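Position 1 is the first residue of the sequence, and the numbers go up from there. Model, not experiment: these values are computed from the prediction.
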Amino acid sequence: MRITIVNKYTRSTGGADIHCVGLARALRARGHEVVFLSTSSPENLDDDGVFIPPSVTNDSRDALPHARRAEAAARALWNPQSASAMRRLIADFGPDIVHAHKLYPQLSVAPVVIASRRQLPIVQTLHDLELCSASALDPSGSWRDRDETRFAYRLLNEATFGIRRFVHVPRVHRFVAVSQFIADVYRRRGIEADVLPNFVEPGPDATSLPGFADREGILYLGRLRPEKGVLDVLELARRLPRIPVRIVGSGVLAERVAAAAAQLPNLEATGSVAHADVFEFVRRARLVVIPSRWPEPGPMVTVEAMAQGTPVVAYAVGGLREYVAAAGGGRVIEPDLEMLVGTCSELYGDEEAWVKMSVSGRAAVETAHSVDTYTARLETVYEAAVDAAAAPRRSTSLPLRLPPGDERS
């Protein structure tokens, strides 16, 4: 098959980006032709496809002058460059499948609309809740964004939600959810999805991984945001002064994390690192903590940790519960700081329990979360999407009047 993956980044900004780059590599290994429609960056991890300049990024958004902010907001509703990019890919590459992932706000709905007008099969992976609610963190289906504190960002999320839900969603032929939790949330909104848990590419052979005695410290890896539970990690370091704690990532709480690291001798704040370096941090840690305060759909760090034989201590929210509990690759606890401190303290010194979880987690990665398992199941989804695209169906999408110059399909 010829497959076009549509995702706003092919550089590493989060789990969805790493997923897409790994997926392209895995599909090519199975004989498929894969190209991207994404944004350009010198940090891109894949350069096969069509890449457009990003209208805005999380790092640049606040620094834009007001005129540029208005332009970026307009492009979030309809990006003519991404529309042109999809037309070019259809003409030059001729995809059999368009596989959409995370599009907003950089790419807008334009690639999906253009692909739909050409009657191409469209598959959508649900990495979060952005097609369900105004906020990607909200499972309620609300038109209001109650999570974003910055007014301009919140307004943009609310303005684009109608397009996401009533223009984008009806044009998709098949949905893929990264966890049963995500599938259940979308089902309550009338959207059925196949559940394909996130995969991780093969790690080192088990004999080359450090054992219990050769590992040290507790690792947090992810964005430095309140909903990710970073403040709980800071308190964890404070409560367990004899155990090294490392925080890897960037975000709005970076200054607070740096200040805590300056005060606590056992706490190290590394900042962002290249994805290739992440595995070394994970395989040297004795535990990975994921104390998320929001319903995580199915974080990549969970399977990345288990692939390195590193047990996970996670709060029982969203897809985290099923990923860790089903694998036996760690301990799932209620979102409670005291439980987090007690569980980490206990497992950090319990070699027998640690080894059992390490082995179980790796076994799950080699089966339920393997590349081969995932891509084989995804190929059946692609085939179903092709069949669905060929069958006539009544459109439930809102009519979309294209901007001047974009009327051609």
Side-chain angles (χ1 to χ4, degrees), residues 1-10 16 20 23-24 27 32-40 46 48-56 71-127 130-131 156 159-176 191 381-382 385-409:
M1 278 187 169
R2 293 185 299 278
I3 302 157
T4 294
I5 294 178
V6 185
N7 192 62
K8 59 185 178 182
Y9 299 126
T10 53
C20 289
L23 176 60
L27 289 170
H32 301 285
E33 297 178 60
V34 183
V35 299
F36 277 93
L37 194 170
S38 187
T39 54
S40 56
D46 195 304
D48 197 353
V50 177
F51 301 87
I52 67 172
S55 57
V56 65
E71 178 185 350
R75 286 178 180 268
L77 300 174
W78 180 268
N79 189 326
Q81 289 182 306
S82 64
S84 296
M86 178 55 76
R87 292 192 192 95
R88 176 179 167 188
L89 284 166
I90 292 171
D92 297 344
F93 178 64
D96 300 306
I97 285 281
V98 172
H99 191 164
H101 292 264
K102 296 276 292 176
L103 278 64
Y104 301 93
Q106 286 77 7
L107 300 178
S108 81
V109 74
V112 171
V113 170
I114 298 302
S116 176
R117 285 175 172 252
R118 293 296 184 92
Q119 299 181 323
L120 290 173
I122 300 171
V123 172
Q124 172 70 53
T125 293
L126 303 169
H127 292 279
E130 72 173 358
L131 299 182
L156 183 61
T160 59
F161 176 55
I163 290 176
R164 285 180 266 146
R165 184 64 180 86
F166 297 106
V167 178
H168 184 138
V169 166
R171 287 173 166 81
V172 174
H173 296 96
R174 202 79 175 198
F175 291 90
V176 172
I191 300 170
V381 173
Y382 285 166
V386 170
D387 292 341
R393 66 174 182 175
R394 183 174 63 87
S395 175
T396 58
S397 59
L398 295 177
L400 182 66
R401 184 175 180 83
L402 302 184
D406 277 302
E407 292 86 353
R408 61 192 187 283
S409 62

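Shown here for N7 and K102, the closest heavy-atom pair between the two residues is OD1-N, 2.9 Å. Nearest heavy-atom pair, P121 versus A385, reported as atom, atom and distance to 0.1 Å: CB-O, 3.7 Å. When all heavy atoms of C20 and H101 are compared, the pair lying nearest together is SG-CG, 3.3 Å.
Screening L126, I122, T125 for a side chain to side chain contact (heavy atoms under 4.5 Å, CB included) involving F175 leaves a single residue, L126.
A distance of 4.5 Å separates CD1 in I163 from CG in L77, rounded to the nearest 0.5 Å. In this structure, NZ on K8 lies 13.0 Å from CG on N79, to the nearest 0.5 angstrom. In this structure, CD1 on I52 lies 6.5 Å from CG on L37, to the nearest 0.5 angstrom. With rounding to the nearest 0.5 Å, the separation of NE2 in H32 from CD1 in I97 is 10.0 Å. Note that CZ of R117 and CD1 of I90 are 11.5 Å apart. Values are rounded to the nearest 0.5 Å. Atom CD1 in I114 sits 8.5 Å away from atom OG in S82 (nearest 0.5 Å).
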CA sep, side-chain torsions, deciding dist, call: Y382, L27, side chain to side chain contact (heavy atoms under 4.5 Å, CB included): CA-CA 12 Å; Y382 285 166; L27 289 170; 3.8 Å; yes
Candidate pair V109 and L103, rule side chain to side chain contact (heavy atoms under 4.5 Å, CB included), full reasoning: CA-CA 7 Å; V109 74; L103 278 64; over 6 Å; no
Chi angles and distances behind the side-chain hydrogen bond (donor to acceptor under 3.5 Å, both in side chains) call for Q124, H173: CA-CA 8 Å; Q124 172 70 53; H173 296 96; over 6 Å; no
Candidate pair D48 and F36, rule side chain to side chain contact (heavy atoms under 4.5 Å, CB included), full reasoning: CA-CA 6 Å; D48 197 353; F36 277 93; 5.7 Å; no
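No side-chain heavy atom of P95 sits less than 4.5 Å from a side-chain heavy atom of I3. Under the 4.5 Å side-chain criterion, counting only non-hydrogen atoms from C-beta, V35 is not in contact with V50. In this structure, the side chains of V112 and M86 stay at 4.5 Å or more apart for every pair of heavy atoms. In this structure the side chain of P111 never reaches within 4.5 angstrom of the side chain of V98, judged on heavy atoms. At a threshold of 4.5 Å between non-hydrogen side-chain atoms, the residues T10 and F51 count as touching. Contact check for F93 versus E33: side-chain heavy atoms found under the 4.5 Å cut-off.
The closest side-chain donor-acceptor pair between Q81 and R75 falls under 3.5 angstrom.
Between H168 and Y104, the ring planes are tilted. Angles from 30° to 60° get that label.
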